[in-house]
Amino acid sequence: QVQLVESGGGLVKAGGSLRLSCAASGSISRVNTMLWYRQTPGTQRELVAHITRDGDQAIYIDSLKGRFTISRDNAKNTAFLQMNNLRPADTGVYYCNANIKGQDLRTLDVWGQGTQVTVSS
C-alpha cells in the first residue's frame with residue numbers, strides 16, 4: 001500500500017506564509033514526479049506546480065509565480081509547497097499527487113487527502 005499525506009495547511013492572514021508538505025509512504029521503490037493541485041471555491045481542481053525527481057519544476061498559475069515555490073527531499077520521499085504573500089484568492093483545498101513505483105514494480109498514480117488553506121483578509 002502506498003499513500004500520500006499532506007500537512008501544513010491552516011488559517012493565515014493575507015500576506016502571510018504557509019509551507020505544505022506531502023510525504024509518500026508505504027512499499028515504495030521510487031517516487032517520480034510530484035505535483036500540487038488546488039481546488040478553490042467554485043472552481044475545478046487546477047494544477048499548481050510539479051517537480052520531477054531530478055528537480056525540474058514549474059509553477060503553472062501566473063498569479064502564483066514569484067510567491068509559490070515547489071521543492072522536494074528525495075531521501076524523505078517528500079515534496080513541499082512554500083506559499084508566501086498569500087491572498088484570500090488562494091483559499092482552497094491543496095492536493096498532492098505523485099507517480100510512484102511500488103516495490104512490486106507497478107507504477108501508481110497516488111493522491112493525498114488534501115489540506116485546507118484559508119487566507120483571511
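Residues take their numbers from the sequence shown, with the count starting at 1. Just so you know, these numbers come straight off a predicted model, no measurement behind them.
- The cationic group of Arg19 lies under 6.0 Å from the six-membered ring centre of Phe80 and within 45° of the ring axis, placing it in a cation-pi geometry.
- In terms of modelled atom types and a separation under 3.5 Å, the side chain of Thr40 and the main chain of Thr43 share no donor-acceptor contact.
- Between the CG atom in Leu35 and the CG atom in Asn99 there is a gap of 9.0 Å [rounded to 0.5 Å].
- Between Asp109 and Ile100 there is no side-chain heavy-atom pair separated by less than 4.5 Å.
- Atom OG of Ser21 sits about 13.5 Å away from atom CZ of Arg72, to the nearest 0.5 Å.
- Side-chain contact between Asp90 and Leu64 is present, with at least one heavy-atom pair separated by less than 4.5 Å.
- Between Tyr37 and Trp111, the distance separating the two ring centers is shorter than 6.0 angstrom.
- Other residues, nucleotides and ligands contribute more than 12 heavy atoms inside 6.0 Å of the CZ atom of Arg53.
- Within the 4.5 Å cutoff, side-chain heavy atoms of Tyr94 are placed close to those of Met83.
- To the nearest 0.5 Å, atoms OG (Ser29) and CG (Leu105) are separated by 6.0 Å.
- Using a 4.5 Å heavy-atom cutoff, the side chains of Val117 and Leu18 are in contact.
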Problem - Worked check of side-chain hydrogen bond (donor to acceptor under 3.5 Å, both in side chains) between Asn85 and Arg87 - result: CA-CA 7 Å; Asn85 192 19; Arg87 305 169 182 171; 5.6 Å; no
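- With hydrogens and angles ignored, the 3.5 Å screen pairs a side-chain donor or acceptor of Asn97 with a backbone N or O of Val110.
- In this structure the side chain of Ile61 never reaches within 4.5 angstrom of the side chain of Phe68, judged on heavy atoms.
- Both the sub-6.0 Å distance and the 45° axial angle are not jointly satisfied by Arg38 relative to the ring of Tyr95.
- Closest approach of Asn32 and Arg30 over heavy atoms only: OD1-NE, 2.8 Å.
- Rounding to the nearest 0.5 angstrom, the gap separating the OG atom in Ser27 from the NZ atom in Lys101 is 15.0 Å.
- Among all heavy-atom pairs drawn from Leu4 and Ala24, the shortest one is CD2-CB, 3.5 Å.
- For the pair Glu6 (side chain) and Gly114 (backbone), a donor-acceptor distance under 3.5 Å is present.
- Between atom OG1 of residue Thr118 and atom CD of residue Gln116 there is a gap of 4.0 Å, rounded to the nearest 0.5 Å.
- Shown here for Ser121 and Ala14, the closest heavy-atom pair between the two residues is CA-CB, 4.3 Å.
- Using modelled atom types, one side-chain atom of Thr91 and one backbone atom of Val119 make a donor-acceptor pair closer than 3.5 Å.
- Distance check: Gln3 CD to Cys96 SG gives 12.0 Å after rounding to the nearest 0.5 Å.
- Residues Ser17 and Gln82 have side chains in contact (heavy-atom distance under 4.5 Å, counting atoms from C-beta outward).
- Between the side chain of Asp54 and the backbone N or O of Asp56 there is no donor-acceptor pair closer than 3.5 Å.
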Exercise for the section: Start with the C-alpha distance between Tyr60 and Glu46, add both sets of side-chain angles, then the distance that settles side chain to side chain contact (heavy atoms under 4.5 Å, CB included), and finish with yes or no. Expected result: CA-CA 9 Å; Tyr60 289 92; Glu46 59 184 347; over 6 Å; no
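- Closest approach of Gly9 to Leu20, counting heavy atoms only: N-CD2, 3.5 Å.
- Minimum interatomic distance between Cys22 and Trp36 (heavy atoms only, all atoms of both residues): CB-CZ2, 3.6 Å.
- Follow the hydrophobic side-chain contacts under 4.5 Å out from Ile28 and you reach Ile51 in the same cluster.
- With contacts defined as side-chain heavy-atom distances shorter than 4.5 Å, the pair Asn74/Asn77 does not qualify.
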